[in-house]
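Comments concern the structure below.
Within every chain, numbering begins at 1; the chains are lettered A, B, ... in the order of the sequence lines, protein sequences first and strands thereafter.
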There are 2 protein chains.
Amino acid sequence: MTVFFSKKCEYGLQAVLFMATQENDCVCPSEEISKKLNIPKEFISKILQSLTESGIIESKKGKSGGFKLAKQPSKIKLIDIVEAIDGLESFNSCVLGFPKCSPDKPCPVHEQWGVLRTKAHEMLSSETIDKFKEKTLKKINNA
Amino acid sequence: MTVFFSKKCEYGLQAVLFMATQENDCVCPSEEISKKLNIPKEFISKILQSLTESGIIESKKGKSGGFKLAKQPSKIKLIDIVEAIDGLESFNSCVLGFPKCSPDKPCPVHEQWGVLRTKAHEMLSSETIDKFKEKTLKKINNA
DNA sequence: TTAAAACCAGATAAATTTGTCTGATTAAAA
DNA sequence: TTTTAATCAGACAAATTTATCTGGTTTTAA
(Lines give C-alpha, C1' and ligand atoms only; values in the text may rest on other atoms or scores of the structure.)
Protein backbone atom coordinates (compact mmCIF):
# COMPACT_ATOMS: atom_id res chain seq x y z
CA MET A 1 0.00 0.00 0.00
CA THR A 2 2.09 2.90 1.26
CA VAL A 3 -0.04 5.97 0.67
CA PHE A 4 0.63 9.43 1.87
CA PHE A 5 -2.76 11.09 1.66
CA SER A 6 -6.08 9.32 1.88
CA LYS A 7 -8.19 9.29 -1.25
CA LYS A 8 -10.44 11.88 0.37
CA CYS A 9 -7.49 14.14 0.92
CA GLU A 10 -6.15 13.68 -2.60
CA TYR A 11 -9.54 14.60 -3.99
CA GLY A 12 -9.87 17.51 -1.61
CA LEU A 13 -6.51 18.89 -2.65
CA GLN A 14 -7.37 18.47 -6.31
CA ALA A 15 -10.69 20.23 -5.84
CA VAL A 16 -9.30 23.19 -3.94
CA LEU A 17 -6.46 23.59 -6.43
CA PHE A 18 -9.04 23.53 -9.19
CA MET A 19 -11.22 26.11 -7.49
CA ALA A 20 -8.20 28.36 -7.20
CA THR A 21 -8.02 28.48 -10.98
CA GLN A 22 -11.56 29.83 -11.26
CA GLU A 23 -12.57 33.48 -11.53
CA ASN A 24 -13.10 35.24 -8.26
CA ASP A 25 -16.78 35.25 -7.49
CA CYS A 26 -17.68 32.37 -9.70
CA VAL A 27 -19.15 29.50 -7.73
CA CYS A 28 -18.46 26.01 -8.92
CA PRO A 29 -21.12 23.30 -8.62
CA SER A 30 -19.89 19.96 -7.35
CA GLU A 31 -20.97 18.31 -10.56
CA GLU A 32 -18.55 20.43 -12.55
CA ILE A 33 -15.71 19.62 -10.17
CA SER A 34 -16.66 15.97 -10.36
CA LYS A 35 -16.51 15.97 -14.15
CA LYS A 36 -13.34 18.03 -14.50
CA LEU A 37 -11.44 15.86 -12.05
CA ASN A 38 -13.10 12.50 -12.64
CA ILE A 39 -14.16 12.12 -9.07
CA PRO A 40 -17.47 10.44 -8.19
CA LYS A 41 -20.01 13.23 -7.75
CA GLU A 42 -21.49 12.09 -4.45
CA PHE A 43 -18.08 11.50 -2.98
CA ILE A 44 -16.62 14.88 -3.87
CA SER A 45 -19.82 16.48 -2.60
CA LYS A 46 -19.21 15.04 0.84
CA ILE A 47 -15.63 16.21 0.79
CA LEU A 48 -16.67 19.71 -0.29
CA GLN A 49 -19.19 19.78 2.54
CA SER A 50 -16.50 19.02 5.07
CA LEU A 51 -14.17 21.61 3.59
CA THR A 52 -17.02 24.08 3.94
CA GLU A 53 -17.38 23.24 7.62
CA SER A 54 -13.65 23.75 8.00
CA GLY A 55 -13.97 27.22 6.54
CA ILE A 56 -11.63 26.64 3.63
CA ILE A 57 -14.36 26.98 1.04
CA GLU A 58 -17.85 28.48 1.04
CA SER A 59 -21.04 27.06 -0.36
CA LYS A 60 -23.93 28.79 -1.99
CA LYS A 61 -27.13 26.78 -1.86
CA GLY A 62 -29.97 26.63 -4.34
CA LYS A 63 -30.09 27.01 -8.09
CA SER A 64 -26.88 28.29 -9.67
CA GLY A 65 -25.18 27.60 -6.37
CA GLY A 66 -21.88 25.85 -5.81
CA PHE A 67 -18.58 26.27 -4.05
CA LYS A 68 -15.80 28.80 -4.00
CA LEU A 69 -12.77 29.54 -1.88
CA ALA A 70 -13.49 31.24 1.42
CA LYS A 71 -10.22 33.16 1.36
CA GLN A 72 -7.70 34.45 -1.10
CA PRO A 73 -5.68 31.63 -2.67
CA SER A 74 -2.51 33.17 -1.23
CA LYS A 75 -3.97 32.65 2.24
CA ILE A 76 -4.66 28.94 1.83
CA LYS A 77 -1.81 26.56 2.49
CA LEU A 78 -1.69 22.97 1.35
CA ILE A 79 -1.37 21.89 4.97
CA ASP A 80 -4.71 23.56 5.79
CA ILE A 81 -6.49 21.21 3.44
CA VAL A 82 -4.59 18.19 4.68
CA GLU A 83 -5.33 19.12 8.27
CA ALA A 84 -9.03 19.56 7.55
CA ILE A 85 -9.36 16.16 5.92
CA ASP A 86 -6.69 13.78 7.20
CA GLY A 87 -5.60 15.62 10.30
CA LEU A 88 -2.02 16.16 11.35
CA GLU A 89 -1.61 13.10 13.50
CA SER A 90 0.74 11.40 11.08
CA PHE A 91 3.26 14.18 11.50
CA ASN A 92 3.39 13.30 15.13
CA SER A 93 3.16 9.54 15.24
CA CYS A 94 5.64 6.75 14.69
CA VAL A 95 6.29 5.70 11.11
CA LEU A 96 6.97 2.15 12.31
CA GLY A 97 3.92 2.08 14.53
CA PHE A 98 5.86 1.82 17.78
CA PRO A 99 4.01 3.19 20.78
CA LYS A 100 5.20 6.37 22.45
CA CYS A 101 7.85 7.15 19.89
CA SER A 102 9.51 10.39 20.92
CA PRO A 103 12.97 11.94 21.15
CA ASP A 104 13.10 10.33 24.59
CA LYS A 105 12.07 6.91 23.47
CA PRO A 106 12.88 6.96 19.77
CA CYS A 107 12.04 4.15 17.42
CA PRO A 108 14.93 2.73 15.42
CA VAL A 109 14.44 5.07 12.46
CA HIS A 110 13.28 8.05 14.47
CA GLU A 111 16.07 10.35 13.31
CA GLN A 112 16.11 9.38 9.67
CA TRP A 113 12.37 9.58 9.31
CA GLY A 114 12.06 12.69 11.40
CA VAL A 115 14.13 14.66 8.94
CA LEU A 116 11.96 13.64 6.03
CA ARG A 117 8.72 14.21 7.84
CA THR A 118 9.79 17.66 8.90
CA LYS A 119 10.68 18.52 5.33
CA ALA A 120 7.30 17.31 4.14
CA HIS A 121 5.57 19.36 6.79
CA GLU A 122 7.60 22.42 5.88
CA MET A 123 6.76 22.05 2.24
CA LEU A 124 3.05 21.72 2.88
CA SER A 125 3.12 24.63 5.32
CA SER A 126 4.97 27.01 3.06
CA GLU A 127 3.22 26.39 -0.23
CA THR A 128 0.04 28.35 -0.81
CA ILE A 129 -2.39 27.38 -3.49
CA ASP A 130 -2.04 30.54 -5.56
CA LYS A 131 1.36 29.20 -6.62
CA PHE A 132 -0.20 26.29 -8.46
CA LYS A 133 -2.77 27.98 -10.64
CA GLU A 134 -0.95 27.56 -13.93
CA LYS A 135 0.27 24.06 -13.31
CA THR A 136 -3.19 22.98 -12.26
CA LEU A 137 -4.77 24.37 -15.41
CA LYS A 138 -2.18 22.67 -17.55
CA LYS A 139 -2.61 19.34 -15.83
CA ILE A 140 -6.39 19.39 -15.97
CA ASN A 141 -6.62 20.45 -19.57
CA ASN A 142 -3.82 18.24 -20.83
CA ALA A 143 -4.49 15.07 -18.97
CA MET B 1 -5.49 9.44 7.78
CA THR B 2 -2.22 10.12 6.01
CA VAL B 3 -0.14 7.04 6.60
CA PHE B 4 3.11 6.15 5.04
CA PHE B 5 3.33 2.41 5.55
CA SER B 6 0.40 0.06 5.94
CA LYS B 7 -0.04 -1.58 9.31
CA LYS B 8 1.24 -4.81 7.78
CA CYS B 9 4.37 -3.07 6.66
CA GLU B 10 4.93 -1.36 10.00
CA TYR B 11 4.63 -4.72 11.73
CA GLY B 12 6.86 -6.39 9.19
CA LEU B 13 9.55 -3.77 9.67
CA GLN B 14 9.29 -4.07 13.44
CA ALA B 15 9.56 -7.84 13.25
CA VAL B 16 12.56 -7.92 10.96
CA LEU B 17 14.33 -5.27 13.01
CA PHE B 18 13.64 -7.37 16.07
CA MET B 19 14.94 -10.54 14.45
CA ALA B 20 18.12 -8.69 13.60
CA THR B 21 18.76 -8.25 17.30
CA GLN B 22 18.67 -12.01 17.91
CA GLU B 23 21.64 -14.36 18.02
CA ASN B 24 22.67 -15.83 14.73
CA ASP B 25 21.16 -19.26 14.43
CA CYS B 26 18.45 -18.74 16.96
CA VAL B 27 15.00 -19.12 15.44
CA CYS B 28 12.25 -16.99 16.81
CA PRO B 29 8.71 -18.37 17.11
CA SER B 30 5.98 -16.03 15.96
CA GLU B 31 4.45 -16.09 19.40
CA GLU B 32 7.56 -14.54 20.88
CA ILE B 33 7.62 -11.84 18.24
CA SER B 34 3.95 -11.23 18.86
CA LYS B 35 4.49 -10.77 22.57
CA LYS B 36 7.62 -8.67 22.34
CA LEU B 37 6.06 -6.27 19.85
CA ASN B 38 2.43 -6.41 20.93
CA ILE B 39 1.21 -7.54 17.56
CA PRO B 40 -1.70 -9.98 17.27
CA LYS B 41 -0.17 -13.44 16.91
CA GLU B 42 -2.20 -14.59 13.93
CA PHE B 43 -1.61 -11.37 12.10
CA ILE B 44 2.14 -11.30 12.50
CA SER B 45 2.21 -14.97 11.53
CA LYS B 46 0.69 -14.12 8.17
CA ILE B 47 3.16 -11.33 7.67
CA LEU B 48 6.08 -13.58 8.57
CA GLN B 49 4.81 -16.15 6.12
CA SER B 50 4.83 -13.62 3.34
CA LEU B 51 8.29 -12.38 4.27
CA THR B 52 9.41 -16.00 4.10
CA GLU B 53 8.03 -16.30 0.57
CA SER B 54 9.90 -13.14 -0.33
CA GLY B 55 13.14 -14.67 0.86
CA ILE B 56 13.87 -12.06 3.48
CA ILE B 57 13.46 -14.46 6.37
CA GLU B 58 13.47 -18.25 6.69
CA SER B 59 11.14 -20.49 8.61
CA LYS B 60 11.81 -23.69 10.46
CA LYS B 61 8.72 -25.81 10.89
CA GLY B 62 7.79 -28.13 13.74
CA LYS B 63 8.54 -28.08 17.41
CA SER B 64 11.15 -25.53 18.44
CA GLY B 65 10.78 -23.96 15.03
CA GLY B 66 10.40 -20.31 14.20
CA PHE B 67 11.82 -17.60 11.99
CA LYS B 68 15.21 -16.08 11.39
CA LEU B 69 16.77 -13.78 8.84
CA ALA B 70 17.62 -15.40 5.53
CA LYS B 71 20.65 -13.16 5.00
CA GLN B 72 23.11 -11.17 7.00
CA PRO B 73 21.52 -8.07 8.53
CA SER B 74 23.96 -5.92 6.58
CA LYS B 75 22.48 -7.33 3.38
CA ILE B 76 18.87 -6.45 4.18
CA LYS B 77 17.72 -2.95 3.36
CA LEU B 78 14.62 -1.32 4.76
CA ILE B 79 13.33 -0.90 1.23
CA ASP B 80 13.46 -4.69 0.71
CA ILE B 81 10.91 -5.19 3.45
CA VAL B 82 8.72 -2.35 2.24
CA GLU B 83 8.84 -3.71 -1.30
CA ALA B 84 7.92 -7.19 -0.13
CA ILE B 85 4.88 -6.01 1.79
CA ASP B 86 3.57 -2.74 0.38
CA GLY B 87 5.29 -2.74 -2.97
CA LEU B 88 7.04 0.25 -4.51
CA GLU B 89 4.13 1.65 -6.45
CA SER B 90 3.78 4.68 -4.20
CA PHE B 91 7.24 5.85 -5.18
CA ASN B 92 6.01 6.01 -8.70
CA SER B 93 2.49 7.33 -8.48
CA CYS B 94 0.95 10.72 -8.01
CA VAL B 95 0.69 12.03 -4.48
CA LEU B 96 -2.44 13.96 -5.44
CA GLY B 97 -3.97 11.02 -7.26
CA PHE B 98 -3.86 12.62 -10.68
CA PRO B 99 -3.72 10.15 -13.55
CA LYS B 100 -0.55 9.83 -15.61
CA CYS B 101 1.50 12.15 -13.46
CA SER B 102 4.98 12.31 -14.97
CA PRO B 103 7.70 14.81 -15.76
CA ASP B 104 5.84 15.28 -19.05
CA LYS B 105 2.45 15.81 -17.51
CA PRO B 106 3.29 16.83 -13.98
CA CYS B 107 0.69 17.39 -11.30
CA PRO B 108 0.78 20.75 -9.58
CA VAL B 109 3.09 19.61 -6.78
CA HIS B 110 5.13 17.20 -8.87
CA GLU B 111 8.44 18.91 -8.27
CA GLN B 112 8.04 19.64 -4.61
CA TRP B 113 6.82 16.19 -3.77
CA GLY B 114 9.28 14.48 -6.08
CA VAL B 115 12.19 15.80 -4.07
CA LEU B 116 10.78 14.47 -0.83
CA ARG B 117 9.83 11.13 -2.24
CA THR B 118 13.26 10.65 -3.72
CA LYS B 119 14.84 11.41 -0.39
CA ALA B 120 12.57 8.91 1.31
CA HIS B 121 13.47 6.29 -1.25
CA GLU B 122 17.15 7.02 -0.87
CA MET B 123 16.95 6.69 2.88
CA LEU B 124 15.12 3.38 2.74
CA SER B 125 17.51 2.09 0.07
CA SER B 126 20.68 3.01 1.87
CA GLU B 127 19.86 1.94 5.41
CA THR B 128 20.49 -1.70 6.23
CA ILE B 129 19.01 -3.31 9.27
CA ASP B 130 22.28 -4.06 11.01
CA LYS B 131 22.51 -0.34 11.74
CA PHE B 132 19.48 -0.45 13.99
CA LYS B 133 20.31 -3.30 16.35
CA GLU B 134 21.03 -1.18 19.40
CA LYS B 135 18.23 1.27 18.92
CA THR B 136 15.78 -1.54 18.40
CA LEU B 137 16.83 -3.27 21.60
CA LYS B 138 16.55 -0.05 23.51
CA LYS B 139 13.12 0.74 22.16
CA ILE B 140 11.72 -2.74 22.76
CA ASN B 141 13.07 -3.06 26.28
CA ASN B 142 12.27 0.48 27.35
CA ALA B 143 8.87 0.93 25.84
C1' DT C 1 6.28 -43.84 19.00
C1' DT C 2 3.79 -40.40 20.54
C1' DA C 3 2.79 -35.91 22.26
C1' DA C 4 3.79 -31.23 21.94
C1' DA C 5 4.94 -27.07 19.65
C1' DA C 6 5.65 -24.85 15.91
C1' DC C 7 4.54 -23.24 10.81
C1' DC C 8 1.09 -23.28 6.97
C1' DA C 9 -3.27 -22.60 4.32
C1' DG C 10 -7.56 -21.01 3.62
C1' DA C 11 -11.87 -19.35 5.27
C1' DT C 12 -14.19 -16.04 7.93
C1' DA C 13 -15.06 -11.81 10.61
C1' DA C 14 -14.50 -6.99 12.00
C1' DA C 15 -13.20 -2.39 11.04
C1' DT C 16 -12.20 1.23 8.10
C1' DT C 17 -12.29 3.62 3.89
C1' DT C 18 -14.45 4.55 -0.31
C1' DG C 19 -18.47 5.20 -2.85
C1' DT C 20 -23.79 5.48 -3.63
C1' DC C 21 -28.61 6.46 -2.83
C1' DT C 22 -32.73 8.94 -1.19
C1' DG C 23 -35.02 12.65 0.12
C1' DA C 24 -35.13 17.24 2.27
C1' DT C 25 -34.02 22.02 1.97
C1' DT C 26 -32.61 26.19 -0.34
C1' DA C 27 -32.65 29.82 -3.67
C1' DA C 28 -32.42 31.49 -8.41
C1' DA C 29 -34.75 31.84 -12.68
C1' DA C 30 -38.51 31.07 -15.73
C1' DT D 1 -45.45 31.23 -8.05
C1' DT D 2 -43.63 27.29 -9.70
C1' DT D 3 -40.02 24.76 -11.56
C1' DT D 4 -35.38 23.72 -11.54
C1' DA D 5 -30.80 23.08 -9.98
C1' DA D 6 -28.08 23.17 -6.47
C1' DT D 7 -26.35 22.01 -1.36
C1' DC D 8 -27.16 19.20 2.81
C1' DA D 9 -27.99 15.19 5.85
C1' DG D 10 -28.05 10.69 6.89
C1' DA D 11 -28.49 6.02 5.73
C1' DC D 12 -26.71 2.41 2.98
C1' DA D 13 -23.44 -0.49 0.10
C1' DA D 14 -19.04 -2.02 -1.69
C1' DA D 15 -14.22 -2.61 -1.31
C1' DT D 16 -10.13 -2.88 1.17
C1' DT D 17 -7.44 -3.56 5.18
C1' DT D 18 -6.88 -5.55 9.53
C1' DA D 19 -7.60 -9.31 12.50
C1' DT D 20 -9.23 -14.02 13.90
C1' DC D 21 -10.45 -18.85 13.57
C1' DT D 22 -10.03 -23.75 12.32
C1' DG D 23 -7.70 -27.44 11.10
C1' DG D 24 -3.80 -29.50 8.82
C1' DT D 25 1.19 -30.57 8.45
C1' DT D 26 5.83 -30.74 10.09
C1' DT D 27 9.46 -31.78 13.27
C1' DT D 28 11.55 -32.01 17.71
C1' DA D 29 11.88 -34.03 22.07
C1' DA D 30 10.21 -36.81 25.66
I need the [atom1]-[atom2] distance between [X] and [N], as an integer number of Å.
| X | N | atom1 | atom2 | value |
| --- | --- | --- | --- | --- |
| Glu31(B) | dA5(C) | CD | C1' | 10 Å |
| Lys7(A) | dT20(C) | NZ | P | 13 Å |
| Ile57(A) | dA6(D) | CD1 | C1' | 14 Å |
| Lys46(A) | dT18(C) | NZ | P | 15 Å |
| Gln49(B) | dA6(C) | CD | C1' | 12 Å |
| Lys35(B) | dA5(C) | NZ | P | 12 Å |
| Glu42(B) | dA9(C) | CD | C1' | 12 Å |
| Asp86(B) | dT18(D) | CG | C1' | 13 Å |

Requested in this report: Kindly determine whether Lys7(A) and Glu10(A) satisfy salt bridge (charged side-chain N to carboxylate O under 4.0 Å, His left out), including the steps that lead there.
Outcome: CA-CA 5 Å; Lys7(A) 217 90 190 108; Glu10(A) 287 179 9; 3.2 Å; yes
Report task. Indicate, with a heavy-atom threshold strictly under 4.0 Å, whether Ser6(A) touches base, sugar-phosphate, or nothing. Result -> sugar-phosphate
Query raised in the report: When all nucleic acid strands are considered with a 4.0 Å heavy-atom cut-off, which category describes Ser30(A): base, sugar-phosphate, or nothing?
Result: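 Touches sugar-phosphate only.
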Requested in this report: Run the numbers on Lys35(A) and Glu31(A) for salt bridge (charged side-chain N to carboxylate O under 4.0 Å, His left out), then give the verdict.
Outcome: CA-CA 6 Å; Lys35(A) 277 181 181 159; Glu31(A) 180 148 24; 3.7 Å; yes
Query raised in the report: Does Pro103(A) reach the side chain of His110(A), with side-chain heavy atoms less than 4.5 Å apart?
Result: yes
**Report entry** Donor-acceptor contact present, side-chain Asn141(B) to main-chain Leu137(B), <3.5 Å
**Finding:**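 Checking the backbone N and O of Leu137(B) against the side chain of Asn141(B), a donor-acceptor pair under 3.5 Å is found.
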Requested in this report: Decide whether Asp130(B) and Ser74(B) meet the rule of one side-chain donor and one side-chain acceptor closer than 3.5 Å.
Outcome: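 Per modelled atom types, Asp130(B) and Ser74(B) side chains form no pair under 3.5 Å.
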Query raised in the report: Of all of residues 58-71 of chain B, which get a heavy atom below 4.0 angstrom from DNA chain C, listed by number?
Result: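 Residues of residues 58-71 of chain B under 4.0 Å from DNA chain C: Ser59(B), Lys60(B), Lys61(B), Gly62(B), Lys63(B), Gly65(B), Gly66(B), Phe67(B).
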Requested in this report: Considering just the side-chain nitrogens and oxygens of Tyr11(B), establish if one lies under 4.0 Å of OP1 or OP2 belonging to dA19(D).
Outcome: yes
Query - Partner of Pro108(A) by side chain to side chain contact (heavy atoms under 4.5 Å, CB included), out of Thr21(B), Leu78(B), Thr136(B) - result: Thr136(B)
